[in-house]
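Input: one structure, supplied below.
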Amino acid sequence: MIRSILLYCRPGFEAELAREISELSTKYGPGEIARTNTGSGYVVYRFTDATSALACAKAVPFASITFARQMIAAFDDVGPLSPGNRVQPVVDAVAEAGHLFSDVFLETADTNEAKQLSPLCRKLAVPFENALRELGLLADASGKPGPDAVRLHVLFTSTDNALPGVSFVNNSSPWPMGIPRLKFPAGAPSRSALKLEEAWYAFLSDQDIAGMLAPGLSAVDLGASPGGWSWQFAGRGMNVTAVDNGRLDPQLLRSGLVRHVRADAFAFVPRQPSYWMVCDVVEQPSRIAKLAAQWITRGWCKVTIFNLKLPMKKRYEEVVRCKDIIASELRSHGIRHQLLIKQLYHDREEVTAYLRRL
Ligand SMILES: C[S@@+](CC[C@H](N)C(=O)[O-])C[C@H]1O[C@@H](n2cnc3c(N)ncnc32)[C@H](O)[C@@H]1O
């Protein structure tokens with residue numbers, strides 16, 4: 001029976017995620033954290049009532065959970081599994097729920113120890129698909145999944161224990177283990193380029209990407225050096241003002257789309273409004289949050305993505321504090337907005353925020 005919420009995270013952030021899900025889930029019924037081992041890369045929240053977990057996984061917007069890489073409504077553990085019979089007991093356990101799965105992901109947590117189970121997952125992939133298909137539980141790959149479509153996840157926590165569950169296709173990460181497989185783009189001046197690309201996938205729909213990252217639109221990149229984020233915008237034919245006292249990649253400047261301004265991000269005043277402002281400056285998170293909110297309230301940009309470097313301690317509290325700073329700044333100007341803060345795969349001790357004027 002589905003009774004829990006299983007969330008994946010960056011190992012080391014289980015406590016933050018546990019606090020977050022405990023607060024978010026109260027609306028759906030009583031429950032408690034069942035598993036939150038530091039460094040394990042996942043958290044399990046168990047509801048008292050059987051119907052709450054599915055309702056929660058469907059209704060809590062995945063994009064709004066800062067520390068979650070994936071959100072799954074989980075069955076109970078299946079085990080101990082014997083080496084010759086690891087598939088059928090799991091398939092039998094999930095069959096009773098009566099779902100038609102759009103896909104199946106066999107997964108491990110994102111730790112070195114857990115990833116030793118990856119070869120086992122690869123070996124079991126086809127047997128799982130066959131067993132599900134035989135029972136009519138796997139949908140045809142063609143066709144767009146409907147609004148209630150669910151994917152099957154099987155998290156192997158050891159060679160003889162599996163934790164199966166379902167995620168709503170429209171309210172979850174589309175990537176196995178919640179980890180986007182992005183290739184480092186040839187020619188990008190820094191690895192940071194991947195961070196902005198991941199943020200776009202995390203926060204924007206396909207339609208948004210087409211409309212908001214289009215040639216002719218403009219962006220200001222605060223703390224731009226050596227230029228990975230500016231490179232991403234320029235690669236889409238957008239005009240970029242790159243603000244940094246540091247040097248920019250000469251190749252990037254040759255594109256003709258990037259103007260380098262040597263200035264302090266906190267003192268910089270744009271000549272005219274731009275569509276985007278992005279900021280990767282390493283500074284106190286509250287200072288960056290305030291700066292981003294001011295760019296919106298002053299009408300200097302419509303949308304912003306910025307990085308918040310978290311302190312060693314009280315990381316959850318810092319995220320809440322930044323949310324409050326932004327909300328109160330925008331509220332005082334009567335501006336409706338959307339704010340999402342997510343720890344992306346390419347974020348280490350940091351989170352990425354997306355703020356948009358509505
Ligand atoms: C993490 S790096 C940015 C990497 C960049 N996003 C990329 O994709 O290549 C941070 C940058 O912020 C710049 N920086 C730090 N404080 C700044 C400030 N007050 N104003 C402008 N730039 C600043 C640093 O010079 C540094 O180049």
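Just so you know, these numbers use all the heavy atoms, side chains as well, and skip hydrogens, waters and symmetry mates. Read the numbers this way: they start at 1 and go in the same order the structure lists the ligands and their atoms.
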(Q) Nearest 0.5 angstrom please: Gln284 CD to Cys322 SG, how far? (A)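 If I round to the nearest 0.5 Å, the distance is 10.0 Å.
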
Q) Backbone, side chain, both or neither: what part of Ala263 comes under 4.0 angstrom of ligand 1, heavy atoms only? A) backbone

(Q) Among all the protein's non-hydrogen atoms, which is closest to atom 17 (C) of ligand 1, and how far away is it? (A)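 Here the closest protein heavy atom is Val281 CG1, 3.7 Å.
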
Q: Can you pull out the closest protein heavy atom to atom 20 (N) of ligand 1? Residue, atom name and distance to 0.1 Å, please.
A: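 Result: Ala265 N, 2.8 Å.
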
Q: With rounding to the nearest 0.5 Å, note down the distance linking CZ in Phe184 to CZ in Arg191.
A: 6.0 Å

Q: May I ask you to identify the nearest protein heavy atom to atom 19 (N) of ligand 1, giving residue, atom name and distance to one decimal place in Å?
A: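 The protein heavy atom lying closest is Asp264 OD1, 2.9 Å.
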
(Q) I want to know if ligand 1 touches Trp229 in the polar sense, i.e. an N/O pair below 3.5 angstrom. (A) yes

Q) For atom 10 (C) of ligand 1, which protein heavy atom lies nearest, and how many Å away is it? A)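 Of the protein heavy atoms, Asp280 O, 3.4 Å lies nearest.
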
(Q) Tell me whether Glu198 contacts the main-chain N or O of Pro180 through its side chain, where contact means a donor paired with an acceptor under 3.5 Å. (A) no

(Q) Could you identify the single nearest non-hydrogen protein atom to atom 9 (O) of ligand 1 and state the distance to 0.1 Å? (A)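 Result for atom 9 (O) of ligand 1: Ser190 OG, 2.8 Å.
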
Q.
Measuring only between side-chain heavy atoms, which start at C-beta, is Glu349 closer than 4.5 Å to Phe13?
A. yes

(Q) Show me which atoms of ligand 1 lie under 4.0 Å from any heavy atom of Gly227. (A) 7 (C), 9 (O)

Q.
I need the contact type for Ser230 against ligand 1. Using non-hydrogen atoms and a strict under-4.0 Å cut-off, is it side chain, backbone, both or neither?
A. neither

Q.
Looking at Asp324 and Arg331, is there a salt bridge between them, counting it only when a charged N and a carboxylate O are closer than 4.0 Å?
A. no

Q) At what distance is the nearest protein heavy atom to atom 27 (O) of ligand 1, and which residue and atom is it? A)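 Closest protein heavy atom to atom 27 (O) of ligand 1: Asp244 OD2, 2.9 Å.
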
**Q.** Option among Leu24, Thr36, Ile21 that satisfies the side-chain contact (heavy atoms from CB on, under 4.5 Å) test with Tyr45
**A.**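 Exactly one pass, corresponding to Ile21.
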
Q) Does NZ belonging to Lys115 count more than 12 external heavy atoms closer than 6.0 Å? A) yes

Q: Taking only heavy atoms of Pro226 into account, list the atoms of ligand 1 that are under 4.0 Å away from them.
A: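 Counting from 1, the qualifying ligand atoms are 9 (O).
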
Q | Best match, Gly223, Gly228, Ser225, Ala193: closest heavy atom to atom 22 (N) of ligand 1 | A |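 It is Gly223 whose heavy atom sits nearest to atom 22 (N) of ligand 1.
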
Q) So which of Phe268, Tyr275, Phe233 actually passes side-chain contact (heavy atoms from CB on, under 4.5 Å) with Val220? A) Phe268

